[in-house]
Amino acid sequence: MSLSPKQIVNELDKYIIGQDAAKRAVAIALRNRYRRSKLSEADREEITPKNIIMKGPTGVGKTEIARRLAKLVKAPFIKVEATKYTEVGYVGRDVESMVRDLVECSIRLVREEKMKEVAVRAEGTAEKKIVAILSDMKKGERGELAKEVFDAKLLEELRAGKYNDTQIELEVLDAPKSMEIVPGGAEINIGSIFGEMLPKRKKRRKMTVRQAMQQIINEESEKLIDNDAVNTEALTRAEEQGIIFIDEIDKIAGKANQGGADVSREGVQRDILPIVEGCTVMTKYGAVKTDFILFIAAGAFHISKVEDLIPELQGRFPINVELESLSKEDFVKILTQPQNAITSQYAKLLGVDNIDLEFTQDAIEEIATISADMNATSEDIGARRLHTVMEYLLEDISFNAGGDYPMVKVTIDKKYVDEHLEKIIKNRDLKKYVL
C-alpha cells in the first residue's frame, strides 16, 4: 500500500464531508505503517503505531472514517463498544475477545481473496457437474446428437443463463450446526471444533441451477485452498495491519471511587490497557501479538473528558483529534457530494418502482436547514438526522410507489419539502421557545 497521506484524504473525501483534522491524523497513521514496513526487522520491532482518540458528537463520521480507512487498504477491521466489556469478576465480555474477533475478520478477508484466486478453476468444475446433471435430465431431447455435442450445447446455454431458474437435485455436504457457549466471556464454536473430526455426510437438496453453481464453486474452492496458509497469513495480517475501533470510550472514563453502577469503569480501562500496550492473546488459530495493531478510540465526551481516562491509557493514545458538529453547509454537501449521497440512494431505490426522483437545489437547502435546526434544538445526532428527515419527506412517495406503472418523474422542490415536513417544522419552531 503506497498511497500518500494526501491521496488517502482524497479517497476519504469521496465518502465523508469535512473533519479534515481526523482524516489527516488517520492518513498519517496509515502511511506510517507503510513506512515501517520498509524498515529492517530490528527497526520495525521498535516502532509501534500511534493510537488515536477521536472526540466528537454522534453521527459526525468517527466510525465511518475508520471503516473507510480499513476498506481502502483491505485491512482487518472491527468495531467494538467499550461498554460491552467489564472488569474481571463482573458479568460482561472478556476484553481479549476484541483481538479474537479481529483474527476472525482477518481469516474471512484472506479466505475471500484466496477464493477469488481459485474461482476460475472452481467455476470450470462446477459447469461440468451442472452440465452432467442437465444432460441426464434431458436424455430424451438428445435425439441423434452425440453426447459430446449435446453437452457442448448445454454448456453454451448454461453460460447464457438459460437454466438459471431450473430446479435440479444436488448432493451437498451436510455441515454440522454451529453452537456457541459463552462461559465467562470466552466464545467456543462447537461446530468448528468437532466439525473436522466428524465424518463428512452428504444429503440431496433441491435448488435452482444458479444456487447449485454457487454451492459447487464454494465447495470446490474450499478443496483448492490451503487452510494452514490462510491461517498463517491471516494472523500476520491481523498483527501487522489490524485496526480495532473502540467506540463509546467516554462511557468508561469514570473514576473508580464513584461507586454504584460505575464501580467497574476504571477496571475496564485497566483491562484494556495491556491489549493496547502490547501483549500476546491466544486464539484458536494461534498466538497474536497486539503490539502493532492500530487502535482508534472514539467518544462524544459530553459529560466526561479525555483527561478522565486513567493516565496510562491516555499515554497509549497520543493523538487526540476533535470532530466538529455538522453545519447547514455540511448537510448540503452530504446530500449532494459523496459517491453514496443519501439523495442518490433514495433515487436508486425508488427507480426500482419506476419513480424518477429529482431534488432541486432549494429543496436540498431546505432539508439541510431543517436538519441543522433539529440538531440544534434537540439531540445532536449528526448526519443521522438526515435519515429521519428524508424518511418523513419521502414517506408518501415510498408508500404509493410499486406496481406495474410507467416511469414517472417526481421533482422535490422547497414547496414540497415545507408541505411534507410541516409537522417537524412546527415542533422545531416550538422548541426554540422551550427552556
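Contact detail for Ala122 and Ser221: the closest heavy-atom pair is CB-OG, 3.4 Å. Pairing each heavy atom of Asn375 with each of Gly382, the nearest pair is ND2-O, 3.2 Å. Minimum heavy-atom separation, Val110 to Ala234: CG2-CA, 3.8 Å. Residues Ala25 and Ile52 approach most closely at O-CD1, 3.9 Å, considering heavy atoms. Minimum heavy-atom separation, Ile244 to Met98: CG2-SD, 3.9 Å. Smallest separation of non-hydrogen atoms from Leu102 and Ile243: CD1-O, 3.8 Å.
Using modelled atom types and a 3.5 Å distance limit, the side chains of Glu222 and Asn218 yield no donor-acceptor pair. Judged purely by distance below 3.5 Å, without hydrogens or angles, the side chains of Arg316 and Asn51 never pair a donor atom with an acceptor atom. At a cut-off of 3.5 Å, with distance as the only test, no side-chain donor of Gln215 or Gln211 sits close to an acceptor on the other residue. Looking only at atom types and distance, the side chain of Tyr15 has no donor-acceptor partner in the side chain of Glu64 under 3.5 Å away. For the residue pair Arg31 / Ser4, no side-chain donor-acceptor distance below 3.5 Å is found, with atom types taken as modelled.
Residue Gln7 qualifies as enclosed at atom CD: its count of foreign heavy atoms under 6.0 Å is above 12. Atom CD of Glu156 has 12 or fewer neighbouring heavy atoms from other residues, nucleotides or ligands inside a 6.0 Å radius. Within 6.0 Å of the OH atom in Tyr416, the count of heavy atoms belonging to other residues, nucleotides or ligands exceeds 12. Under a cut-off of 6.0 angstrom, the local environment of CZ in Arg121 is sparse, with at most 12 non-hydrogen atoms contributed by other residues, nucleotides or ligands.
Checking each of Ile364, Thr343, Leu386, Ile16 against Ile334 for a side-chain contact (heavy atoms from CB on, under 4.5 Å) leaves exactly one that passes, namely Leu386. Looking at Ile216, Ile217, Leu155 one by one, the single match for side-chain contact (heavy atoms from CB on, under 4.5 Å) with Glu127 turns out to be Leu155.
Under 4.0 Å is where a charged nitrogen must lie from a carboxylate oxygen, and between Lys129 and Glu220 at least one such pair does. Using a cutoff of 4.0 Å between basic side-chain nitrogens and carboxylate oxygens, Lys414 and Glu365 are not scored as salt-bridged. At a threshold of 4.0 Å, the pair Glu81-Lys251 does not count as salt-bridged, since none of the basic side-chain nitrogens sits closer than that to a carboxylate oxygen. A salt bridge does not link Glu248 with Lys84: none of the charged nitrogens is closer than 4.0 Å to a carboxylate oxygen. In summary, Arg237 and Glu233 engage in a salt bridge, as defined by a charged side-chain N under 4.0 Å from a carboxylate O.
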**Study point:** Test side chain to side chain contact (heavy atoms under 4.5 Å, CB included) applied to Thr280 and Asp291, step by step
**Key:** CA-CA 8 Å; Thr280 301; Asp291 301 61; 5.7 Å; no
**Study point:** Evaluation steps, side chain to side chain contact (heavy atoms under 4.5 Å, CB included), between Ile272 and Ile252
**Key:** CA-CA 11 Å; Ile272 289 175; Ile252 61 162; 3.9 Å; yes
Point to revise | CA sep, side-chain torsions, deciding dist, call: Arg270, Glu312, salt bridge (Lys or Arg N to Asp or Glu O under 4.0 Å) | key: CA-CA 9 Å; Arg270 295 199 180 280; Glu312 300 94 322; 3.3 Å; yes
Exercise for review: Kindly indicate, with the supporting measurements, whether the criterion side chain to side chain contact (heavy atoms under 4.5 Å, CB included) is fulfilled by Ile310 and Glu266.
Suggested key: CA-CA 7 Å; Ile310 59 172; Glu266 191 170 313; 3.4 Å; yes
Check your understanding: When you look at Asp413 and Thr411, which way does the side chain to side chain donor-acceptor pair (under 3.5 Å) test go after all the steps?
Key -> CA-CA 6 Å; Asp413 57 14; Thr411 302; over 6 Å; no
Practice item. Test Thr58 against Arg384 for side chain to side chain donor-acceptor pair (under 3.5 Å), laying out the working first. Key: CA-CA 8 Å; Thr58 185; Arg384 294 190 181 98; 2.5 Å; yes
Practice item. Apply side chain to side chain contact (heavy atoms under 4.5 Å, CB included) to the pair Ile370 and Met374, showing each step before the final yes or no. Key: CA-CA 6 Å; Ile370 291 167; Met374 286 179 72; 3.9 Å; yes
Practice item. Give the intermediate values and the outcome of side chain to side chain donor-acceptor pair (under 3.5 Å) for residues Asp380 and Ser325. Key: CA-CA 8 Å; Asp380 184 356; Ser325 290; 3.0 Å; yes
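Proximity of Glu104 to Tyr285: side-chain heavy atoms (C-beta onward) are separated by under 4.5 Å at one or more points. With contacts defined as side-chain heavy-atom distances shorter than 4.5 Å, the pair Met54/Val26 qualifies. The side-chain heavy atoms of Lys284 and Val103, taken from C-beta on, include no pair separated by under 4.5 Å. Side-chain contact between Leu235 and Ser106 is absent, with no heavy-atom pair separated by less than 4.5 Å. Inter-residue side-chain proximity for Asn354 and Val408 is flagged as unmet; no heavy-atom pair is nearer than 4.5 Å. Side chains of Leu393 and His420 form a contact here, defined as non-hydrogen atoms less than 4.5 Å apart. Counting heavy atoms from C-beta on, the side chains of Phe301 and Ile249 come closer than 4.5 Å. In this structure, Thr360 and Ile412 have side chains that are not in contact, with every pair of non-hydrogen atoms separated by 4.5 Å or more.
Side-chain atoms of Lys114 never come within 3.5 Å of backbone atoms of Leu109 as a donor-acceptor pair (strictly under, hydrogens ignored). Of the possible donor and acceptor atoms, none in the side chain of Asp308 sits under 3.5 Å from a partner among the backbone N and O of Ser304. In terms of modelled atom types and a separation under 3.5 Å, the side chain of Ser344 and the main chain of Ala341 share a donor-acceptor contact. Side-chain atoms of Lys62 never come within 3.5 Å of backbone atoms of Asp247 as a donor-acceptor pair (strictly under, hydrogens ignored). The backbone N or O of Cys279 lies less than 3.5 Å from a partner atom in the side chain of Thr290, making a donor-acceptor pair. Side-chain atoms of Lys71 never come within 3.5 Å of backbone atoms of Ala66 as a donor-acceptor pair (strictly under, hydrogens ignored). Remark: side-chain polar atoms of Arg68 are not paired, donor with acceptor, to backbone N or O of Thr63 under 3.5 angstrom.
Judged by the 6.0 Å and 45° rule, Arg36 forms a cation-pi pair with Phe292.
Considering only residues two or more places apart in sequence or on other chains, Glu11 meets the side-chain hydrogen bond (donor to acceptor under 3.5 Å, both in side chains) condition with Lys14. Partners of Tyr346 by ring-ring contact (aromatic ring centres under 6.0 Å, His included), not counting sequence neighbours: none found.
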For residues 317-324, please give each side-chain donor-acceptor pair under 3.5 Å, one per line with the distance, not counting sequence neighbours.
none

